Asker: 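So that we are looking at the same thing, I have put the structure below in structure tokens.
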Amino acid sequence: MDCLFCKIINGEIPSTKIYEDDKVLVFKDINPIAPIHWLIIPKHHLTSVQDVTSENSSIVAYIFEVVSKLTKDNGIESYRIITNCGDDVGQTVKHLHFHLLAGTKMGWSIE
Ligand code: 5GP
Ligand code: ZN
């Protein structure tokens, strides 16, 4: 499948990995918008939240378990998780991913 994040998972495209196990990969965003900007992705390809069903939703809970552990392990006390779903809100990679943003004070606005 011609998916950028599947290529990062299988090593075809290099990435700076933060954490990996059999179900998820966490790596640094190539174009960070905050001092800490990680991407958390399931290894099984899902296009976006729109692909989440009762059959596969356990991966979403697991991703948040990983977020909870990784932020604690890295001393990150305050952070924001974002997932873009669809073109209008800026989803550019069609493989479910959660942005973890931290390391700066953030406002709350939609342009
Ligand atoms: P989206 O806009 O779909 O919510 O997020 C996609 C993210 O993937 C963007 O923040 C973008 O900077 C990041 N990205 C795109 N290509 C690459 C890449 O080749 N490597 C890494 N590490 N991040 C990428
Ligand atoms: Zn993919």
Side-chain angles (χ1 to χ4, degrees):
M1 188 194 303
D2 195 22
C3 168
L4 179 70
F5 286 175
C6 283
K7 287 180 180 159
I8 286 179
I9 290 163
N10 70 27
E12 248 180 274
I13 294 174
S15 67
T16 305
K17 290 178 188 173
I18 302 292
Y19 173 84
E20 180 171 22
D21 63 24
D22 57 331
K23 294 194 280 293
V24 304
L25 176 64
V26 183
F27 57 102
K28 289 188 179 178
D29 195 293
I30 205 167
N31 186 22
I33 62 164
I36 297 169
H37 187 169
W38 299 345
L39 297 170
I40 303 113
I41 64 175
K43 287 195 169 175
H44 176 71
H45 180 93
L46 297 172
T47 301
S48 73
V49 171
Q50 290 301 97
D51 272 0
V52 176
T53 67
S54 55
E55 271 75 52
N56 61 29
S57 62
S58 61
I59 190 62
V60 179
Y62 183 68
I63 281 171
F64 279 87
E65 274 184 52
V66 169
V67 166
S68 174
K69 183 175 185 323
L70 277 185
T71 49
K72 286 189 189 84
D73 288 353
N74 287 276
I76 300 168
E77 291 176 358
S78 193
Y79 56 91
R80 180 172 294 167
I81 302 286
I82 293 173
T83 185
N84 289 318
C85 183
D87 295 332
D88 279 359
V89 299
Q91 184 182 6
T92 56
V93 179
K94 301 298 189 325
H95 180 126
L96 178 64
H97 55 281
F98 294 85
H99 298 258
L100 186 152
L101 304 170
T104 189
K105 289 219 172 196
M106 292 178 206
W108 185 247
S109 72
I110 295 170
E111 288 159 32

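Just so you know, these numbers use all the heavy atoms, side chains as well, and skip hydrogens, waters and symmetry mates. What you see is a predicted model; the values in this text were computed from it and never measured. Position 1 is the first residue of the sequence, and the numbers go up from there. Whatever order the structure lists them in is the order used to number ligands and atoms, beginning at 1.
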Asker: Test your reading of the structure: does N84 have an N or O sitting under 3.5 Å from an N or O of ligand 1?
Answerer: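 Indeed, backbone or side chain, N84 has an N or O that close.
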Asker: Looking at ligand 1, does any of its N/O atoms fall within less than 3.5 Å of an N/O of V93?
Answerer: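 Yes; the residue has a nitrogen or oxygen that sits under 3.5 Å from a nitrogen or oxygen of the ligand.
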Asker: Do D29 and ligand 1 have an N or O pair less than 3.5 Å apart?
Answerer: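 D29 vs ligand 1: N/O contact under 3.5 Å present.
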Asker: Is there a polar contact, in the sense of an N or O pair closer than 3.5 Å, between H37 and ligand 1?
Answerer: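 For ligand 1, there is no N or O atom that lies under 3.5 Å from one belonging to H37.
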Asker: Tell me the closest heavy-atom pair linking D51 and N56, and the distance in Å.
Answerer: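 D51 and N56 have their closest heavy atoms at O-ND2, 3.1 Å.
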Asker: Starting from atom 5 (O) of ligand 1, what is the nearest protein heavy atom, named by residue and atom, and what distance separates them?
Answerer: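 For this ligand atom, the closest protein heavy atom is H97 NE2, 2.9 Å.
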Asker: Of all the N, O or S atoms in H95, which has the shortest distance to the Zn ion (ligand 2)?
Answerer: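 Going through the N, O and S atoms of H95 one by one, ND1 ends up nearest to the Zn ion (ligand 2).
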Asker: Does the plane of the ring in H95 sit parallel, tilted or perpendicular to the ring in H45? Use 30° and 60° as the thresholds.
Answerer: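 Rings of H95 and H45: perpendicular, as their planes differ by over 60°.
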Asker: Is any side-chain N of the basic residue among K94 and D87 closer than 4.0 Å to the acidic one's carboxylate O?
Answerer: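 A salt bridge is present here (some side-chain N lies under 4.0 Å from a carboxylate O).
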Asker: So which bit of L4 gets within less than 4.0 Å of ligand 1, heavy atoms only: side chain, backbone, both or neither?
Answerer: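 Contact part for L4 vs ligand 1: side chain (C-beta onward).
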Asker: Would you say ligand 1 has an N or O under 3.5 Å from any N or O of G90?
Answerer: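 Yes, at least one N or O pair falls under 3.5 Å.
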Asker: Would one find an N or O of L39, backbone or side chain, under 3.5 Å from an N or O of ligand 1?
Answerer: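 Between L39 and ligand 1 (N or O atoms, distance only) the closest approach is not under 3.5 Å.
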Asker: Using heavy atoms and a 4.0 Å limit, tell me yes or no: is I8 in contact with ligand 1?
Answerer: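 Heavy atoms of I8 do come under 4.0 Å of ligand 1.
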Asker: Please calculate the SG(C3)-the Zn ion (ligand 2)-ND1(H45) angle and round it to 10 degrees.
Answerer: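 Centred on the Zn ion (ligand 2), the SG/ND1 angle is 110° (to 10°).
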Asker: Measure the distance from atom 23 (N) of ligand 1 to every protein heavy atom, then report the residue, atom name and distance (to 0.1 Å) of the closest one.
Answerer: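 Nearest protein contact, heavy atoms only, for atom 23 (N) of ligand 1 is I30 N, 3.3 Å.
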Asker: Measuring only between side-chain heavy atoms, which start at C-beta, is T83 closer than 4.5 Å to Q91?
Answerer: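 Of all side-chain heavy-atom pairs linking Q91 with T83, none is under 4.5 Å.
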Asker: Report, in ascending order of atom number, the atoms of ligand 1 lying under 4.0 Å from any heavy atom of T92.
Answerer: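 Checking each atom against T92, I get 1 (P), 2 (O), 3 (O), 5 (O), 6 (C).
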Asker: Could you tell me if the side chain of I59 sits less than 4.5 Å from the side chain of V24, heavy atoms only?
Answerer: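 They are in contact (side-chain heavy atoms under 4.5 Å apart), so the answer is yes.
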Asker: Give the residue, atom name and distance (to 0.1 Å) of the protein heavy atom nearest atom 22 (N) of ligand 1.
Answerer: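 Nearest neighbour among protein heavy atoms for atom 22 (N) of ligand 1, to 0.1 Å: K28 O, 2.8 Å.
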Asker: Among I81, I33, N84, whose side-chain contact (heavy atoms from CB on, under 4.5 Å) with H99 holds?
Answerer: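 Answer after filtering I81, I33, N84: N84.
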Asker: Indicate, as side chain, backbone, both or neither, the part of I33 found under 4.0 angstrom from ligand 1 when only non-hydrogen atoms are considered.
Answerer: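 For I33, there is no contact with ligand 1 at all, from either part.
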Asker: Between F5 and ligand 1, find which residue part has any heavy-atom pair under 4.0 Å and reply side chain, backbone, both or neither.
Answerer: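 Under 4.0 Å from ligand 1, F5 contributes side-chain atoms alone.
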Asker: What heavy-atom pair brings A102 and S78 nearest, and what distance separates the two atoms?
Answerer: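 Taking every non-hydrogen atom into account, CB-O, 3.5 Å.
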